[in-house]
Amino acid sequence: MAAPRDPARRALRADLLDFTADPGLGTPSPAALRHRPDHWLLIEHGRIAGVLPGSEGPGDDWQREDHRGRLLLPGLIDTHVHSVQLDVVASYGSELLDWLERYTFPAEARHADAEHAAAQANAFTDALLAHGTTAAVVFPSVHAASVDALFAAARARGMRLIAGKVLMDRHAPDGLRDDVGRARDECEALIARWHGSDRLAYAVTPRFAATSTPAQLAMAGALLRRHQGLYMQTHVAENRAEVAWVAQLFPEARSYLDVYHRHGLLGERAVLAHGIWLDDADRARLADSGAQIAHCPGSNLFLGSGLFDWQAMAEAKVPVSLASDVGGGTSLSMLRAMADAYRVQALRGVRLSAFRALHAATLGAARALHLDHEIGSLEPGRSADLTVWDWAVGAVPLARDALARDLHERLFAWVMLGDERNLVATLVAGRTRYRRGSDVAGVQGRPKKAASVARAATAGVIGAVAGSGP
Ligand code: GUN
Ligand code: ZN
């Protein structure tokens, strides 16, 4: 008789791929890459326990899943995304400041309604899982209820999530502005409730320099000093009109980045989105502080913001991770972010290898967030946050995949031709949270209501709230 299977022990057979170091920006070098074709990845109690060659599978008491011929990666990490902007994805005809006013602020204002905030937080976290993203650094809205809803949704799915109440006490419409005292009190309560609870961490979140008074930025700096291990997230130097506006608002600052420096907001847990219009002094400042740039190529192309200088950042030794920036970006897929990053660099005359792009969405992001002891690789002891992918879906990608001569060529074709349809399964802490085609799979056609868009996009999300598994 076969031994009973232990639900705490799972093994997945696939082509395992992860990184042990930064592969560098230029010529693809496999040195930092760990490629173990046809291996079993062993998971015990939600953590990676080890690896075995495909021919030496684990015993009968392990729950085994055979994904031979597929790619197994660490869960992807999106270091800048707005959970309250699903409704504004693909809004026509704007640059940043007009886009915020016309589309984004009205959508965020709707999150004053706690029921709407909860529904959208569930739809958003399900959508992340359905795109292979298991960890994210997220902007909700200015409303404390939207932060509660987001953290609750992430906790129900076991996800690693960094977020915080958006701070805005000027240059925003009624219903989206707070003030220094109220914002401080709400942040303190949210930090007490969520920071360090399960896999959640709080980020002090001034939206950008233009929507906070100096007093509010100073309050944000004081919060960072008062509490251990908080993150800070904001936007910086994304768009030229925005940069000019910030220069007017803070004439005493040397640069846009200097506004944040003066208010004590830079540090090794700071995540600054964009950073397109920075100079060498800014990059040196970022490197000194240990802050990272969340590069959002899809958003930068969509909003016409500019072409990020990744090479200059790399030379200055500033960590760069990748991000979707939905809804400025139009897709939650980190494959799309990698492909767009390649295109942006190509326009600058630089070639971004698929290895470097994937590193920036896995181990590179985990290191920049000081979470590489937990996520970002397939190292034993890490949380089993994993994704399983088809190398190719559809006739043209399949034909291209068959012709690939080496691993880089294959991975590059996967990045450029693949998307969330290649995703077979997403595991969080060893439990399957998304499986293609399962559950409500097959929802097709044009959904009647906005809320059902997210439902259709996440067909296959498993037991997210109920937490059923594996
Ligand atoms: N700058 C300030 N707010 C935002 C936002 O919501 N999205 C983007 N892309 N940039 C911003
Ligand atoms: Zn953003």
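One is the number of the first residue; the rest follow in order along the sequence. Just follow the structure's listing: the first ligand is 1, and inside any ligand the first atom is 1. Every heavy atom of this structure was used, including side-chain atoms; hydrogens, water molecules and symmetry mates were not.
- Scored by the salt bridge (Lys or Arg N to Asp or Glu O under 4.0 Å) test, R343 finds D340 as partners (sequence neighbours excluded).
- Looking at T211 against ligand 1, nothing comes within 4.0 Å, counting heavy atoms.
- Taking the centre and axis of the six-membered ring of W391, the NZ or CZ atom of R410 falls inside the cone set by 45° and 6.0 Å.
- H171 and W245 have tilted rings, their planes meeting at an angle from 30° to 60° on a 0 to 90° scale.
- Partners of A237 by side chain to side chain contact (heavy atoms under 4.5 Å, CB included), not counting sequence neighbours, listed by chain and number: V243, Y256, W277, L278.
- Taking only nitrogen or oxygen atoms, main chain and side chain alike, E108 does not reach within less than 3.5 Å of ligand 1.
- Protein N/O/S atoms found under 2.8 Å from the Zn ion (ligand 2), listed by chain and residue number: H80 NE2, H82 NE2, H235 NE2, D325 OD1.
- For the pair E95 and R240, the minimum side-chain heavy-atom distance is 4.5 Å or more.
- In terms of polar-atom proximity, W99 is not counted as a contact of ligand 1, lacking any N or O under 3.5 Å from an N or O of the ligand.
- An N or O contact shorter than 3.5 Å is missing between T104 and ligand 1 by distance.
- Among the atoms of E242, none of the N or O lies under 3.5 angstrom from an N or O of ligand 1.
- Below 30°, between 30° and 60°, or above 60°: for F355 and H408 the angle between ring planes is above 60°, a perpendicular geometry.
- Scored by the side chain to side chain contact (heavy atoms under 4.5 Å, CB included) test, S91 finds V88, W99, Y103 as partners (sequence neighbours excluded).
- Using a 4.5 Å heavy-atom cutoff, the side chains of L17 and W389 are not in contact.
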